[in-house]
Amino acid sequence: MPPDASTSPSLSELPLDELIRYGQSLGISLSEDTPKGEALRKVRARQELLLDLDRDALLDVVMWLRIPVRRSAGKEQLAELIAQQNLSDFRGLSDRGLEVLSNLWNVVPRAGESRSDLESRMRRSRGPIAQWRRLRRKVVGSVVARIVASGEETRGDYHFLPEDAPSSIRRDIEEDGLMGSVAKRIRGVADDYVHEKLDEIERRIDAKLDEIDQRLGEWRDREVAHRLNILKLTLVFSILVVLLSLLYDYLRA
Amino acid sequence: MESWSLFTLYRRILFSAVSVYVLIRVSLFLWNWVVASANDSREIHVLRRYLVTLIMRSRLRRFWFDLLQIGVLVILLGTLLRMH
């Protein structure tokens, strides 16, 4: 879905769960119980923000993350790729890249703020638990790298993915004739449409399966918690009986 | 040799009854699952594998407090039983 105003009506027609998932893919923190109005407002705000952000700066971030992407990738696709990353070390990222990243993290850069201050504010915005997790992984990573890695890792130049080559009408007519090339183009358009629809259906089915999986996981956890509670109650009851038995022995003695 | 008393009789009967009850319930539970998943159709096969995956994906860390309580209760029960 491109981030333009024309998508707004279809956005409001999306079911809440898909809207939330879409918002989360753009890096917005939305919980499952977010009201639809609020989710819609946040998603639209994010789309407006994406319109304001510099695409080249977003590309800077993606290149810095070394995620393979086409040079022609849209802002929304770039934002989705960036949102999937868990970052806290911004070394090597350009200033404009850091600025758009901070905007995506809802950390608005202040006038005259130094880069290091902005970086530390961005790190703090992720919360202490995320920082702790990152620190833990950093320690584990350095230990494992020391054991496994053999020498300094070198990073080669970044390369974009190849673009889809546009076909030439002249070449198509040369190869297939006029009617053949027209038929081929119509068939290609129809195939693209069908593929797009099939992809959309597949995405929806995947999302539903994920939801079912999540609900089954919740049911499993509830069931385990329930069984553990029963076990605790049984143990408490057994302890009471043993205490009673001890008291009986004591009185009898 | 343990001297017989009313409470000893009560303890023995309670222990036997609870043990038999637990044995029957657990056996029935397991048997029901064996019967339900014995079908070799593809759906049941997929469901069986999914269930195994679902169980293996559960994280004990989520229930650490309950497990801690159970551990303490077991230690307490063991200590009290040794005091007999």
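In the text below, chain A, chain B and the rest are named by the order of the sequence lines, each starting its count at 1.
Other residues, nucleotides and ligands contribute over 12 non-hydrogen atoms within 6.0 Å of the CZ atom of Arg136(A). Other residues, nucleotides and ligands place no more than 12 heavy atoms under 6.0 Å from the CD atom of Glu196(A). At most 12 heavy atoms of other shown residues, nucleotides or ligands fall within 6.0 angstrom of atom CZ in Phe15(B). Dense packing is recorded around NZ of Lys36(A), with more than 12 heavy atoms of other residues, nucleotides or ligands lying under 6.0 Å away. Taking a 6.0 Å sphere around CZ of Phe237(A), one finds it holds 12 or fewer heavy atoms contributed by other residues, nucleotides or ligands. Annotation for Ile129(A): atom CD1 does not count as buried by contact number, only 12 or fewer foreign heavy atoms lying within 6.0 Å.
The stretch residues 17-31 of chain B places none of its residues near chain A, where near means some heavy atom under 4.5 Å from a heavy atom of that chain.
For chain B, the nearby parts of Asp221(A) are the backbone and the side chain; heavy atoms of each come within less than 4.5 Å. Contact annotation for Leu216(A): both backbone and side-chain heavy atoms come within less than 4.5 Å of a heavy atom of chain B.
When the candidates Val224(A), Leu231(A), Asp249(A) are compared by the number of heavy-atom contacts under 4.5 Å with chain B, Val224(A) comes out ahead. Between chain A and the options Ile70(B), Leu67(B), Ile55(B), heavy-atom pairs under 4.5 Å are most frequent for Ile70(B).
Salt bridge present: Asp213(A) and Arg57(B) bring a charged side-chain N and a carboxylate O closer than 4.0 Å.
Remark: Leu80(B) CG to Leu244(A) CG distance equals 12.0 Å, nearest 0.5 Å. To the nearest 0.5 angstrom, Ile239(A) atom CD1 is 4.0 Å from Leu76(B) atom CG. Here Asp66(B) contributes atom CG and Arg227(A) contributes atom CZ; the two are 14.5 Å apart, rounded to the nearest 0.5 Å. The CG atom of Leu73(B) sits 10.5 Å away from atom OG1 of Thr234(A), with the distance rounded to the nearest 0.5 Å. With rounding to the nearest 0.5 angstrom, the CZ atom of Arg220(A) is 5.5 Å from the CZ atom of Arg62(B).
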